[in-house]
Structures are given as C-alpha cells and as structure tokens.
Protein chains: 2
Amino acid sequence: MVFKALSDPTRRRVLELLKARPMSAGELSAHFDVSKPTMSAHFAVLREADLVASEKRGKSIVYQLKMSVLEEALLGFTTAFGWELQDARADKRNTRKQKRVTE
Amino acid sequence: MVFKALSDPTRRRVLELLKARPMSAGELSAHFDVSKPTMSAHFAVLREADLVASEKRGKSIVYQLKMSVLEEALLGFTTAFGWELQDARADKRNTRKQKRVTE
DNA sequence: TCGACATTTAGCTAATTATCGAAATGAGTC
DNA sequence: GACTCATTTCGATAATTAGCTAAATGTCGA
C-alpha cells in the first residue's frame with residue numbers, strides 16, 4: 001500500500017517533514033490547512049503502509065519516518081526502470097562499480 | 001497527477017511493460033485480467049499524467065512510455081529525501097561529483 | 001478528581017475510482 | 001458500401017477517499 005499512501009500530496013509532505021526530524025501529530029498538523037481528524041486519517045494510512053512509526057510521548061504521539069521502508073518500496077520501482085537509487089551523501093569512493101576513473 | 005497515476009498496480013505494470021518497447025492497447029490489455037474498457041480507462045489516466053504518448057498506427061493505437069516525464073517526477077520526490085536517481089547503465093566516468101578516487 | 005490538552009474514533013457527505021457490458025467510432029479489407 | 005477488428009465512450013454500480021463536526025479516549029498537572 002506504499003504507492004497508495006504516496007499518492008496524496010498531504011501525505012507526501014508529511015513524510016518530507018518527518019525526514020527532518022520526528023514530530024508529533026499536532027506539530028505536523030500545524031503545517032496543513034485541514035482538520036485534525038483529517039490529518040489523523042492521513043497518519044493512519046501512513047502507519048498502515050508502515051511508512052511511519054508512532055510512539056506515545058506524554059500527551060503527544062510522535063511520528064517517525066521509516067526511511068528504510070520508503071527506500072525499499074522506491075527501490076523496487078526504480079530498479080524495474082533501470083535506475084539506481086542511492087544516498088546523495090554516500091561516499092562515492094570504493095563503491096562496487098568503481099573503475100578506471102580519470103583524474 | 002503522476003503519483004496518482006502510479007498508485008494503481010495495473011498502471012505501474014503497464015509502464016513497466018512499455019519500458020521494454022512500445023505496445024498497442026490490445027497487446028497491453030492481453031497482460032491483464034480486466035476488460036478492455038477498464039484498460040482503456042487506465043491508459044487515459046496515464047495519458048493525462050503525461051506518462052505515455054499514444055500514436056495511431058493503422059487499426060491500432062500504440063502507447064509509448066515517456067521515460068523523461070517519469071524520471072522527472074520521481075527525481076523531484078527522491079531528491080527531497082536525499083537520494084540520487086541515476087541510470088544504472090550510465091558511464092560513471094567524468095561525472096560532476098567525481099573526485100579523489102583511489103585505484 | 002477535575003480540567004485542559006492531544007489525538008483518535010464515530011458518523012456523515014461529496015467526490016473519485018475501478019470495474020463492467022453495451023454501444024459508438026474509426027480504420028483497413030473485400 | 002458493408003464487414004471486421006481495435007479501441008474508446010457511455011452509462012451504471014460498488015468501493016474507496018478526503019474531508020468535516022462532534023464525541024470519546026487518554027494523559028498530565030493542579
């Protein structure tokens with residue numbers, strides 16, 4: 001259900017926000033112009049897709065992005081189209097495909 | 001509307017089939033267990049997302065994958081998550097980030 | 001325990017979706 | 001022109017979706 005979860009722009013933006021750091025439901029909701037219950041429903045979809053983890057923290061519920069799940073799903077897709085997906089910050093030295101590099 | 005278009009598994013599979021080569025509506029439909037009108041509707045969604053081009057060829061209509069559109073959309077997303085998307089067959093020599101490679 | 005706060009659940013609605021069979025369109029063939 | 005084939009359009013339906021308000025749940029602090 002990952003792609004279904006990603007089909008909504010609000011949910012994609014939520015994931016993007018969670019990329020920066022874990023955030024509570026309320027904190028996330030503050031970024032959008034829809035009601036809290038609507039946001040809660042979006043969170044539920046993301047949870048069911050296993051794209052986020054939620055943890056109770058006092059009064060709040062803190063959501064955290066599960067990067068590996070997102071990456072795995074995306075990887076399956078991009079690979080089928082002949083693309084490589086890699087961390088932009090990865091150290092390119094000594095990678096598997098390294099060879100005959102000039103300069 | 002690209003992500004909406006990608007949210008359906010049938011449509012994702014259609015794109016994958018078109019990755020190999022352009023195919024007619026009927027040829028594509030043969031790969032799926034749904035009616036022609038249903039497939040036609042899927043094609044319409046892909047067309048509206050600009051993910052495929054269609055061309056009349058005699059009796060048939062041939063669909064072709066617009067890789068660049070797909071790549072562009074995906075790139076926008078993956079970049080936001082700190083990933084790089086690149087052609088797996090690309091020649092890695094003399095790329096922008098090339099530097100200090102050992103061996 | 002009471003009140004305030006954070007979030008979810010319940011119940012509803014309007015819009016969209018995937019699906020179908022039947023009919024319409026359009027191009028090639030006889 | 002009439003027939004056939006490929007595809008789409010039409011019209012209908014059941015399921016899903018995103019959205020809302022109001023109510024319920026659960027936690028903290030006084």
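Naming: A, B, ... by sequence-line order, numbering from 1 per chain.
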Using whole Å, what does the distance between atom [atom2] of nucleotide [N] and atom [atom1] of [X] come to?
X	N	atom1	atom2	value
B/E48	C/dT16	CD	P	13 Å
A/M1	C/dT17	CE	P	15 Å
B/D8	D/dT16	CG	P	14 Å
A/F43	C/dT8	CZ	C1'	11 Å

Given the ring of B/F3, does A/R12 sit roughly above its face, with NZ or CZ under 6.0 Å from the centre of the six-membered ring and within 45° of the axis?
yes

B/R21 meets the side chain to side chain donor-acceptor pair (under 3.5 Å) criterion, sequence neighbours left out, with B/E27

Looking only at atom types and distance, does a side-chain atom of A/R11 sit under 3.5 Å from a main-chain N or O of A/A5, one as donor and one as acceptor?
yes

Donor-acceptor under 3.5 Å (B/T79 side chain, B/G76 main chain):
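Checked: no pair found.
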
Write down the protein N/O and nucleotide N/O pairs, taken from nucleotides 24-30 of chain C, whose separation is under 3.5 Å; answer none if there are no such pairs.
none

Output every pair passing ring pair (Phe, Tyr, Trp, His ring centres under 6.0 Å) with a member in residues 9-41 of chain B, not counting sequence neighbours, ordered by first then second residue.
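Matches after skipping sequence neighbours: none remain.
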
Which residues in residues 30-42 of chain A have a heavy atom closer than 4.0 Å to any atom of DNA chain C?
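Contacts with DNA chain C under 4.0 Å: A/K36, A/P37, A/S40.
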
Going by number, which of residues 10-28 of chain A have a non-hydrogen atom under 4.0 Å from DNA chain C?
A/S24, A/A25, A/G26

Is there a side-chain contact between B/Y63 and the phosphate of D/dA6, meaning an N or O under 4.0 Å from OP1 or OP2?
no

OP1 or OP2 of C/dT7 less than 4.0 angstrom from a side-chain nitrogen or oxygen of A/R47, does that happen here?
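Negative; the distance criterion is not met.
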
Using rotation axes that map the C1' atoms of four end pairs onto the next four (five pairs an end), what angle separates the end axes of the helix from C/dT1-D/dA30 to C/dC30-D/dG1, to 10°?
20°

For the residue pair B/G82 and A/K19, what are the closest heavy atoms and their distance?
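Answer, listing the atom of B/G82 first, then A/K19: N-CE, 4.4 Å.
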
